[in-house]
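For reference, the structure is listed below as structure tokens.
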Amino acid sequence: FINFIRGDDVYDEDGDNNTAESRHKLADIYHANVNVVGSVEGTASANDGSENYDKKDSYYRYQKGYDNFKTGNSCGESCSSRTEVVIAGSNGGILHAFKTSDGEELWGYIPPNIIRKLKTMITSKANASNPIYGIDGSATIKDIYFDDTPNDGTDNPRWRTVLLSALGPGGHGYFALDITNIKSPKHLFAIENDPFDNVVRHWNSLEQKREFSYTPGTPMIEEDFDYQKLGEAWSAPRIIRIKHNGNDKWVAVIGGGFNGATNPNYGSAVYVIDLENDGEILKRIDIDDTSASNIVNSIPSDLAVITANGTEKANYNGAMIYAADLEGKITKINLTDRGTMYQKTTIFNAESTNENGRYIYTKPDATIKDSNLWLYFGTGDLQKLQTRNSNVANRLYGIKDEHFPDFQLINPPGDVSKCKTGANCPGTNDLGWYINLNKSRKVTAEPTIDKYLVYFPVYEPKPAANICDSGDAILYSASSTCGTATQRKLGKGVLSKVIVHDDTLIMGISGEAEKGIESKDNLITIKSTQKSSSQKITDEVWKENF
């Protein structure tokens, strides 16, 4: 079996009676993202001229000698010219690193929390193997400064390039690597929740495995590793720097993951993970269910994270977190040094039920407009895209966090009664806007901000008589502060998130593009309707890599 993993055709999948030959070695890269890692290029600045420069990562890097890291040789070669690679997880259970110069694979890594699943590729069917979800989640890569004495006993404060990856549908787990020396990655830690055997497994930086049994719903004795509420790891990790006991600490924040909307024992939480100490839990923030919804709640989506690197209005250390869940709630979590750390409040409720199908599977996008933080998101059951009936009633939303950058408890949370729709733009006292989607339409990816517009990819399923046919891919273009929208059919199938490049919109489509729309394979491009202007720009929009 190990030879099959290495790329030998031991199960004779091509049926030529030769089990010693090589097969196609690279498994599918499906939900996993692709990262490019090369020379160390982050900025370090004593003062970048901004009001909150002392709260930004650039100033922190200056304090911690980041320029010495860039020009040094801790990467196994000069960090300023570190070999550039493409890193991606695959459903063969391997994280791959390929040189961008020639495509040569430098290494493949199988994390310990996926090994038990690899054997499910074996089948009794002749000339075949079973496809599995392996490393099918997103990875985040960031340079962080290890300041604490780690659990392996070493005491060598230094900069490291750290990769933290989700398994996605491949499992209830995450794993971390030190890829500072890109040619020689080092295991840092891995975690796994096994809700079938009620066991949490943890591998430390010395690759030693420990198992912690638990009773669902009962706090574990080993609270530092109480990952019993970790569902399928769909939520991409966000790596940020917070204040912990008055000191700077690099952590990861993740949503609790997916539970199939069926298991109430896991998924409905947000984890704050200590990256410097083997993935110990700094805090688990449980997300309260609402009694008005019959949805079994969880948080499969990525978290929206607002730091001082993203906006001058974030005049704090740490981050403000916005978590969207299957019940249609937006929960605000305070991870800043202002107010009470880890405090939470529900700022909006989409009033979702199993009947109206108003689940939130995708991350809200955010922007600053007229001194307000705006959040944009949409609803739709991504597991039942073809469902079409009169009960399905999804929406697109644009709402304000009226208290940002401060934290304030909200009771009751906002809802559409405080928002405008149609041609009625929200006023100063309104929370925002919403758009009703008809014909059982569903949002299929997170929205994208493009100056004064927000793009929402939407899918319209076929009527019941044609349920097996691909539905329509529709792009909504909504005014960011008013909600008035136009819509355009782009083809058949499901649209991916919109990527804005200069004046061009790029997105994937699972089916055929409409005639007259520029496309190549499954990528389509259209021109942005946003025009350059000599007027002063009042939007503040950002993309921050975590």
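One is the number of the first residue; the rest follow in order along the sequence.
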Exercise. What are the two closest non-hydrogen atoms of S440 and V392, and how far apart are they?
Worked result: OG-CB, 3.6 Å

Exercise. Take atom NZ in K492; do more than 12 heavy atoms of anything else shown fall under 6.0 Å from it?
Worked result: yes

Exercise. With a 4.5 Å heavy-atom cut-off, do N317 and R338 have their side chains touching?
Worked result: no

For this session: Decide ring-ring contact (aromatic ring centres under 6.0 Å, His included) for F348 and Y397; before the verdict, give the C-alpha distance in whole Å, the side-chain angles of both, and the deciding distance to 0.1 Å.
Result: CA-CA 10 Å; F348 190 81; Y397 299 92; 5.2 Å; yes

Exercise. Do the charged groups of R284 and D286 touch, with an N to O distance under 4.0 Å?
Worked result: yes

For this session: Give a yes or no on whether the backbone of N297 and the side-chain of N259 come within a donor-acceptor separation of less than 3.5 Å.
Result: yes

Exercise. So which of Q386, K442, R441 actually passes side-chain hydrogen bond (donor to acceptor under 3.5 Å, both in side chains) with Y459?
Worked result: Q386

Exercise. Looking at side-chain heavy atoms only, is the closest gap between R488 and I474 below 4.5 Å?
Worked result: no

For this session: Measure across A166 and A233 and return the closest heavy-atom pair with its distance rounded to 0.1 Å.
Result: CB-O, 3.2 Å

Exercise. Distance-only, no hydrogens or angles: does the D302 side chain make a donor-acceptor pair with backbone N or O of T362 under 3.5 Å?
Worked result: no

Problem set entry | Nearest non-hydrogen partners of A366 and L373, listed with the distance | CB-CD1, 4.1 Å

Exercise. What is the distance from atom CG of D430 to atom SG of C425, rounded to the nearest 0.5 Å?
Worked result: 10.0 Å

Exercise. NZ of K418: more than 12 outside heavy atoms within 6.0 angstrom?
Worked result: yes

Exercise. Can you tell me how far CG of D406 sits from CG of N334, rounded to the nearest 0.5 angstrom?
Worked result: 9.5 Å

Seminar exercise, completed: Note: S235 and S301 closest approach over all heavy atoms is OG-O, 3.0 Å

Exercise. Say you draw a straight line from CZ of F456 to CG of N394; how long is it, rounded to the nearest 0.5 Å?
Worked result: 12.5 Å

Problem set entry | Under 3.5 Å: donor-acceptor pair, side chain of N356, backbone of R358 | yes

For this session: Quick one: which residue pairs count as a salt bridge (Lys or Arg N to Asp or Glu O under 4.0 Å) with a foot in residues 287-297, not counting sequence neighbours?
Result: D288-K344

Exercise. Any sub-3.5 Å donor-acceptor pair from S352's side-chain atoms to Y359's backbone N or O?
Worked result: no

For this session: Kindly indicate whether the side chain of N113, heavy atoms from C-beta on, has any atom under 4.5 Å from the side chain of P111.
Result: yes

Problem set entry | Ion pair check, K462 and D469, cut-off under 4.0 Å | no

Exercise. Is it true that a side-chain atom of D450 and a backbone atom of L453 form a donor plus acceptor pair closer than 3.5 Å?
Worked result: no

For this session: State whether the side chain of N52 and the backbone N or O of E312 hold a donor-acceptor pair below 3.5 Å, judged by distance alone.
Result: yes

For this session: Look up atom CE in M341 and atom CD1 in I333, then write down how far apart they are to the nearest 0.5 Å.
Result: 11.0 Å

Exercise. Taking the side chain as C-beta and beyond, is there a heavy-atom pair between V251 and I240 under 4.5 Å?
Worked result: yes

For this session: Check the pair T421, V416 against side-chain contact (heavy atoms from CB on, under 4.5 Å), reporting the backbone distance first and the verdict last.
Result: CA-CA 9 Å; T421 191; V416 294; over 6 Å; no

Problem set entry | D415 versus S417, side-chain donor and acceptor atoms under 3.5 Å | yes

For this session: Find the distance between CD1 (I347) and NZ (K400) and round it off to the nearest 0.5 Å.
Result: 12.5 Å

Exercise. With a 4.5 Å heavy-atom cut-off, do L163 and S165 have their side chains touching?
Worked result: yes

Exercise. Do NZ/NE/NH1/NH2 and the carboxylate oxygens of R388 and E460 come within less than 4.0 Å?
Worked result: yes

For this session: Applying side-chain contact (heavy atoms from CB on, under 4.5 Å), name anything that partners S293, two or more places apart in sequence or on another chain.
Result: T290, I295, E327

For this session: State whether the side chain of T448 and the backbone N or O of V498 hold a donor-acceptor pair below 3.5 Å, judged by distance alone.
Result: yes

Exercise. What heavy-atom pair brings L335 and I242 nearest, and what distance separates the two atoms?
Worked result: O-CG2, 3.9 Å

Check residues 86-98 and write down every donor-acceptor pair under 3.5 Å in which the side-chain atom is one partner and the other belongs to a residue at least two apart or another chain.
unit_1 : atom_1 : unit_2 : atom_2 : d
S90    : OG     : G92    : N      : 3.4
S90    : OG     : I94    : O      : 3.1
S90    : OG     : H96    : NE2    : 3.2
N91    : OD1    : G134   : N      : 2.8
N91    : ND2    : D28    : OD2    : 2.7
H96    : ND1    : E105   : OE2    : 2.6

Problem set entry | Plane angle bin for Y361 and F258 - parallel if under 30°, tilted between 30 and 60°, otherwise perpendicular | tilted

Problem set entry | Exam field: side chain T336 to backbone M320, donor-acceptor pair closer than 3.5 Å | no

For this session: Indicate yes or no for a side-chain donor-acceptor contact from T311 to the backbone of K313 under 3.5 Å, with no hydrogens or angles considered.
Result: yes

For this session: List the steps, then state whether side-chain contact (heavy atoms from CB on, under 4.5 Å) holds for V305 with V253.
Result: CA-CA 9 Å; V305 178; V253 289; 4.2 Å; yes

Exercise. Atom CD of Q487 and atom CG of D472: how far apart are they, to the nearest 0.5 Å?
Worked result: 10.5 Å

For this session: Could you tell me which non-hydrogen atom of K497 sits nearest to which non-hydrogen atom of P457, and how far apart they are?
Result: CA-CG, 4.3 Å

Would you mind writing out the side-chain donor-acceptor pairs for residues 505-522 within the sub-3.5 Å range, not counting sequence neighbours?
unit_1 : atom_1 : unit_2 : atom_2 : d
S510   : OG     : V494   : N      : 2.7
N522   : ND2    : I509   : O      : 2.9

Exercise. Taking the side chain as C-beta and beyond, is there a heavy-atom pair between P461 and L385 under 4.5 Å?
Worked result: no

Exercise. Between T161 and D143, is a side-chain hydrogen bond (donor to acceptor under 3.5 Å, both in side chains) present by the stated rule, with each step listed?
Worked result: CA-CA 4 Å; T161 303; D143 296 330; 2.6 Å; yes

Problem set entry | SB check K56 D48 (cutoff 4.0 Å) | yes

Exercise. With no hydrogens and no angle check, is any side-chain donor or acceptor of S528 less than 3.5 Å from a backbone partner on D503?
Worked result: no

Exercise. So Y60 and R241, side-chain contact (heavy atoms from CB on, under 4.5 Å) or not? Walk me through it.
Worked result: CA-CA 10 Å; Y60 175 83; R241 179 173 51 88; 3.6 Å; yes

For this session: For the residue pair I254 and I273, establish whether any side-chain heavy-atom pair is separated by less than 4.5 Å.
Result: yes

For this session: Look at the aromatic rings of Y316 and F404 and report parallel, tilted or perpendicular, splitting at 30° and 60°.
Result: perpendicular

Problem set entry | Inter- and intrachain pairs under disulfide bond (SG atoms under 2.5 Å apart), touching residues 341-413, at least two apart | none

Would you mind writing out the side-chain donor-acceptor pairs for residues 432-439 within the sub-3.5 Å range, not counting sequence neighbours?
unit_1 : atom_1 : unit_2 : atom_2 : d
W433   : NE1    : S480   : O      : 3.1
N436   : OD1    : R395   : NE     : 3.0

Exercise. Any side-chain heavy atom of V272 sitting closer than 4.5 Å to one from I285?
Worked result: yes

Exercise. How far apart are the C-alpha atoms of D248 and K243, what are their side-chain angles, what is the distance that settles it, and do they pass the side-chain contact (heavy atoms from CB on, under 4.5 Å) test?
Worked result: CA-CA 5 Å; D248 289 294; K243 289 292 185 181; 3.3 Å; yes

